Structure formats: structure tokens, C-alpha cells
Amino acid sequence: MAKRILVTGGAGFIGSNLVARLVDEGNHIICLDNFSTGPRSNVSHLVDTGRFELVDRDVRDPFFFEVDAIYNLACPASPSHYQADPIGTMMTNILGARNVLDLSKSAQIPIVQASTSEVYGDPLQHPQCEENWGHVNPIGVRACYDEGKRSAETLFFDYQRKHNVQIKVVRIFNTYGPKMQAADGRVISNFIVQALRNADITIYGNGEQTRSFCYIDDLVEALTRTMATGPEVTGPINLGNPDEITVLGLAELIREMVNSRSKIVHLPLPHDDPRKRRPEITKARTLLDWKPRTKLSEGINLTIEHFSHILSDERVARNVIDQRPCLQGVSFPSGRLGRQSDRPE
Ligand code: NAD
Ligand code: UDP
């Protein structure tokens, strides 16, 4: 049955893919976003369906909407984004969680919380299962995100115990795919954009660190299945693809798939960068009857297509501007054009 659903952070990478699916299914979506890392253009076309409202608001400020369910996704997710405003990131996690939980409590509606594999920090157990408590540096540069998400989980479980709120906490592992921004800063978008531009592919550290990448459509399927579970399912549930790869292996795969002339270069490893990450997904398999279906090469192919379109649109825009002398000196809007290092193609 069609529902009214609030999605915070609905203009972002995961949010925009999720709301497209929910609107397609006939639901009415209220998308709350402050557009700090997700552009309006990811979702503005959905307004024409008549089943999509775009609300320009910050999740840290209290709000009220008449809805049947909530997905709480509002939070920058790329390390370069969340570290640019660490206090804002921490507060988005904590105040955002409090605000969605208060709404969920008063309306008695279920709420899916986008938590993260970062709650495991630089993990001591491998693969990571939900019983692991994590290994996080509480005063490091990643803490605003890791500890912010951990605090949000604490609030979720306290609201559940104190007020019987129908919480559903999912711990999302690295996810990728269409609607990521070229300047997002995460590894798959960086490597694909660099490979398409024949620019240097930037590996941080020696590239032996591992990640396990889940394609966006698989994740969206898991999120909707989580929402459909009964009130006894509170999580936490790991959502991710257990296929693990080194960062160096990923760089080589992308360079080969793009048929790129890029060189691989090494830059310093960021502080507290987790050395390995791989989800144990037995809980997701049993509680949601879910497993990821998209192979890494398939998903990367679809993501290469997405970025090829973005880059060719940018080239067209640049040519149009370059050919109009009256516009000399016009600077490109930040975040879209000319922000990545541009090499001759
Ligand atoms: P994203 O940065 O693309 O999207 C986040 C969205 O939240 C953006 O549209 C942004 O404008 C919005 N936002 C940020 N702060 C806000 C605020 N204070 N008020 C209102 N809106 C705000 O990131 P994403 O990859 O789509 O991640 C979505 C959620 O999933 C995040 O909570 C993230 O922590 C979680 N997650 C993502 C991944 C992943 O691999 N993509 C992994 C683990 C967890
Ligand atoms: N990384 C890299 N080059 C880049 C971007 C990221 O080598 O241009 C590495 C990063 O150091 C980390 C891994 O890729 O080890 C995944 O980084 P990402 O920012 O995508 O997500 P994280 O898992 O760190 O949150």
C-alpha cells in the first residue's frame, strides 16, 4: 500500500536512488535536505510526479511532518566532506537522530537509520559482524563521523528501550553507483573520474588496505526490505557486499575497464584509515532474505557510464562558454566544473 515517507538526506547519492525507487512504487515522498553534499538536480525531476516534495531544511532543526515511515540518511558520507565541518557532522548525527526519533516516537512510525561500517573503526575482527563493538579513535579526524554515528545508534536503542520506538538500524558498508558526484572524493568516484580523464589515479598509502563495495541497487533493495520487517527487527544489520578487494586491485580494475592511459601514483595515507573492511551478512540474509546480486565489474561498468555522461556534459558546457567571448572571465560554479584536476584528454 502506498505510504507517505520522510527521507532525510534524500538528495544525496543513496537518498536520491532510494527516493526514485519509492516514488516509482507509488509512495508519496517528503525529501528533507540542506543540499550541502547532494544537489537538487539529483531529485528535482521527481517533483513532476506529484508524489514528491522537496523541503530545504537542516535535519538539526526540529520539524514535523505527517508521515507513515522515516529513512534517516542526512549526513555527509565522504571523508573529505565530513572532515571539512567536523562539528557540523557530529551535530547532524546527534541532533538529526534526536529530531527523527522524536517524530517517530510521537507518530509511532518505523524509522530506518543509516548507520555505517565505520562504527567498527579499524576493525580488530575480520570480517565484521554485528556483535563486534568496534575499534575507533575517539579523538581522531574521523571521529566526528564514526563517533557521531555511534552516538546516534546509542540514541536509537535508548529511544527503543525507553519509548518503544520502532527502530531499524542498518550498518551500511562502502556503496557506489550512479548519482555519485564527480567531486565526491570517495575512492570509486575518484578513480573512475581520474581514469576517464587520463589523470593520475591517486592511491592513498600502499594500496594494500581493503574495502568491500556494494552496488547501489542492491543496497536500495536491502533498505526497503528492512523497512518492511516487523517491529521485532531493530538491527543493527550489516548491509554490504562481502567481496573484498585491495585499493590497488580496484585502481587496476578501473584503469583496465576504462582503457585509460592514467598512471597510478601514491599519496600519503590519511589518519586512521581502516586497514580492512568486509561485512559478515548472515543477519541480512536471514532477516531480510537478501544478498547483493551485482558483481563488482558489472556495477563499475554502470558507474563508468554515469561518469562518462557527467564529464561529456561538462565538456559541452565548457566549450559553449569558451566560444562566447562576452563571457570571458566567468568562473565555473564550484563543485561541478573544473574542480577536479583537469589533464589534457
Ligand atoms: P551523500 O553525502 O551523497 O548524501 C548525504 C545527504 O544528506 C546529502 O544530500 C546532504 O546534502 C544531506 N545532508 C547532510 N547534512 C545535512 C543536514 N544537516 N541537514 C539536512 N541534510 C543534510 O552521502 P551518501 O553516500 O548518500 O550517504 C547517505 C547516508 O548513508 C549517510 O547517513 C551516510 O553516513 C550513510 N552511509 C553511506 C555509505 C556509502 O558508502 N555511501 C556507507 C555507510 C553509511
Ligand atoms: N582512497 C584512495 N584514493 C582516493 C580516495 C580514497 O586510495 O582517491 C582510499 C582511502 O584511503 C581508503 C579507501 O580508498 O583506504 C576507501 O576510501 P573512501 O573515502 O571511499 O571510503 P572510506 O572507506 O575510507 O570511508
Side-chain angles (χ1 to χ4, degrees), residues 7-19 31-40 42-43 55-61 63 71-83 85 88-97 99-100 112-119 122 142 145-146 148-149 152 170-177 179-181 184-194 200-214 216 219-220 223 238-240 245-248 250-251 264-277 279 340:
V7 181
T8 76
F13 159 54
I14 294 177
S16 58
N17 282 283
L18 175 66
V19 297
C31 169
L32 179 153
D33 207 295
N34 68 358
F35 308 109
S36 50
T37 60
R40 280 172 195 273
N42 265 353
V43 286
V55 179
D56 184 349
R57 253 191 120 138
D58 199 295
V59 77
R60 288 169 284 192
D61 301 327
F63 46 78
Y71 291 88
N72 185 36
L73 271 58
C75 178
S78 166
S80 58
H81 289 155
Y82 68 67
Q83 289 171 28
D85 177 15
T89 299
M90 189 79 175
M91 292 308 168
T92 292
N93 277 307
I94 295 173
L95 299 178
N99 290 335
V100 288
V112 169
Q113 163 68 358
S115 190
T116 169
S117 54
E118 286 278 328
V119 300
D122 188 20
R142 291 177 90 97
Y145 184 75
D146 300 9
K149 289 283 184 184
V170 291
R171 292 179 178 158
I172 301 170
F173 284 62
N174 297 65
T175 302
Y176 70 99
K179 301 238 189 221
M180 285 188 104
Q181 300 298 297
D184 178 275
R186 282 176 276 185
V187 67
I188 289 199
S189 44
N190 272 9
F191 285 3
I192 292 179
V193 169
Q194 290 163 343
D200 290 349
I201 294 183
T202 54
I203 291 190
Y204 302 159
N206 60 16
E208 281 171 20
Q209 69 270 38
T210 69
R211 293 293 186 272
S212 306
F213 295 98
C214 184
I216 184 66
L219 180 79
V220 166
L223 291 174
N238 286 343
L239 298 181
I245 186 169
T246 63
V247 166
L248 177 59
L250 179 72
I264 289 180
V265 299
H266 292 264
L267 298 179
L269 188 66
H271 284 295
D272 298 335
D273 199 280
R275 278 165 294 183
K276 50 188 185 266
R277 184 178 292 155
Q340 305 267 337

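The structure presented is a predicted model; accordingly, all values stated were derived computationally and were not measured. Every number for a ligand or one of its atoms is a count from 1 in the order of the listing.
Remark: D58 engages N34, R60 in a side chain to side chain donor-acceptor pair (under 3.5 Å) (not counting sequence neighbours). Residues satisfying the salt bridge (Lys or Arg N to Asp or Glu O under 4.0 Å) test with D85, not counting sequence neighbours, are none.
When all heavy atoms of L223 and I172 are compared, the pair lying nearest together is CD2-CD1, 4.5 Å. In this structure, H266 and G205 approach most closely via the heavy-atom pair ND1-O, 2.7 Å. Minimum heavy-atom separation, M180 to Y176: SD-CA, 4.0 Å.
At least one N/O-N/O distance between L73 and ligand 1 falls below 3.5 Å. In terms of polar-atom proximity, defined here as any N/O pair under 3.5 Å, N72 makes no such contact with ligand 1. Considering both main-chain and side-chain atoms, D184 never comes within under 3.5 Å of ligand 1 through any nitrogen or oxygen pair. Residue L32 has no nitrogen or oxygen atom sitting less than 3.5 Å from a nitrogen or oxygen atom of ligand 1, judged on distance alone. Residue H81 has no nitrogen or oxygen atom sitting less than 3.5 Å from a nitrogen or oxygen atom of ligand 1, judged on distance alone.
For R171, the closest heavy-atom approach to ligand 1 does not fall below 4.0 Å. Heavy-atom distances between S78 and ligand 1 stay at or above 4.0 Å for every pair. Put simply, part of R57 is less than 4.0 Å from ligand 1, judged by heavy atoms.
Interface atoms of ligand 1 facing F35, defined by a heavy-atom separation under 4.0 Å, are 11 (O). Ligand-side atoms of ligand 1 in range of S36: 10 (C), 11 (O), 13 (N), 14 (C), 15 (N), range being under 4.0 angstrom from any heavy atom. In the vicinity of K149, heavy-atom distances shorter than 4.0 Å reach the ligand 1 atoms 31 (C), 32 (O), 33 (C), 34 (O). Taking a cut-off of under 4.0 Å to the non-hydrogen atoms of Y145, the atoms of ligand 1 that pass are 33 (C), 34 (O), 36 (N), 43 (C), 44 (C). The ligand atoms of ligand 1 that sit less than 4.0 angstrom from a heavy atom of G38 are 8 (C), 9 (O), 10 (C), 11 (O). Close contacts between ligand 1 and V59 involve ligand atoms 17 (C), 18 (N), 19 (N), 20 (C) [criterion: under 4.0 Å to a heavy atom]. Set against the non-hydrogen atoms of N174, the atoms of ligand 1 under 4.0 Å away are 40 (O).
From the protein, the heavy atom lying nearest to atom 2 (O) of ligand 1 is T37 OG1, 2.7 Å. The shortest contact between atom 17 (C) of ligand 1 and any protein heavy atom is with N34 ND2, 3.2 Å. Regarding atom 43 (C) of ligand 1, its nearest protein heavy-atom neighbour is I172 O, 3.0 Å. Nearest protein heavy-atom neighbour of atom 37 (C) of ligand 1: I14 CD1, 3.6 Å. Of the protein's non-hydrogen atoms, D33 OD1, 2.6 Å is the one closest to atom 11 (O) of ligand 1. Protein heavy atom closest to atom 3 (O) of ligand 1, with residue, atom name and distance, is F13 N, 2.9 Å. A77 CB, 3.4 Å is the protein heavy atom nearest to atom 23 (O) of ligand 1. Distance from atom 41 (N) of ligand 1 to its nearest protein heavy atom, with residue and atom name: R186 NH1, 2.8 Å.
Counting heavy atoms from C-beta on, the side chains of P279 and S212 come closer than 4.5 Å. No side-chain heavy atom of I201 sits under 4.5 Å from any side-chain heavy atom of V265. D56 has its side chain out of reach of D33: every pair of non-hydrogen atoms, C-beta onward, lies at least 4.5 Å apart. For the pair L250 and F213, the minimum side-chain heavy-atom distance is below 4.5 Å. Looking at heavy atoms from C-beta onward, L32 lies out of side-chain contact with V7 at the 4.5 angstrom threshold.
For the pair E118 and R142, the salt-bridge criterion is met [side-chain N within less than 4.0 Å of a carboxylate O]. Ion pair D122/K276 not flagged as a salt bridge, since none of the NZ, NE, NH1 or NH2 atoms sits closer than 4.0 Å to an Asp/Glu carboxylate oxygen.
When heavy-atom distances to ligand 1 are checked against a 4.0 Å cut-off, R60 comes that close only through its side chain, counted from C-beta outward.
Using a distance-only test at 3.5 Å, with no hydrogens or angles considered, no donor-acceptor pair links the side chain of T8 to the main chain of V59. With hydrogens and angles disregarded, a donor-acceptor distance shorter than 3.5 Å links the side chain of Q194 to the backbone of T202.
Within the model, atoms SG of C214 and CG of N238 stand 11.5 Å from one another, a figure rounded to the nearest 0.5 Å. Annotation: the span from Y145 atom OH to S78 atom OG amounts to 9.5 Å, rounded to 0.5 Å. We find the CZ-CZ distance between R211 and R277 to be 4.5 Å, quoted to the nearest 0.5 Å.
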Side chains of residues 9-16: which donor-acceptor partners sit under 3.5 Å, not counting sequence neighbours?
from : atom 1 : to  : atom 2 : distance (Å)
S16  : OG     : G12 : O      : 2.6
S16  : OG     : F13 : O      : 3.2

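Of the options A11, C75, A114, S117, the smallest heavy-atom separation from atom 5 (C) of ligand 1 is shown by C75.
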One line per pair, note the atom names and distance for all nitrogen or oxygen contacts under 3.5 Å between ligand 2 and the protein.
from     : atom 1 : to   : atom 2 : distance (Å)
ligand 2 : 3 (N)  : T202 : O      : 2.6
ligand 2 : 7 (O)  : Y204 : N      : 2.8
ligand 2 : 8 (O)  : N190 : ND2    : 2.8
ligand 2 : 8 (O)  : T202 : O      : 3.3
ligand 2 : 8 (O)  : T202 : OG1    : 3.1
ligand 2 : 8 (O)  : Y204 : OH     : 3.4
ligand 2 : 11 (O) : D273 : OD2    : 2.7
ligand 2 : 15 (O) : Q209 : NE2    : 3.0
ligand 2 : 15 (O) : R211 : NH2    : 3.4
ligand 2 : 15 (O) : D273 : OD1    : 2.6
ligand 2 : 15 (O) : D273 : OD2    : 3.4
ligand 2 : 20 (O) : V187 : N      : 2.8
ligand 2 : 23 (O) : N174 : ND2    : 2.9
ligand 2 : 23 (O) : R211 : NE     : 2.7
ligand 2 : 23 (O) : R277 : NH1    : 2.8
ligand 2 : 24 (O) : R142 : NH2    : 2.9
ligand 2 : 24 (O) : R211 : NH2    : 3.4
ligand 2 : 25 (O) : R142 : NH2    : 3.2

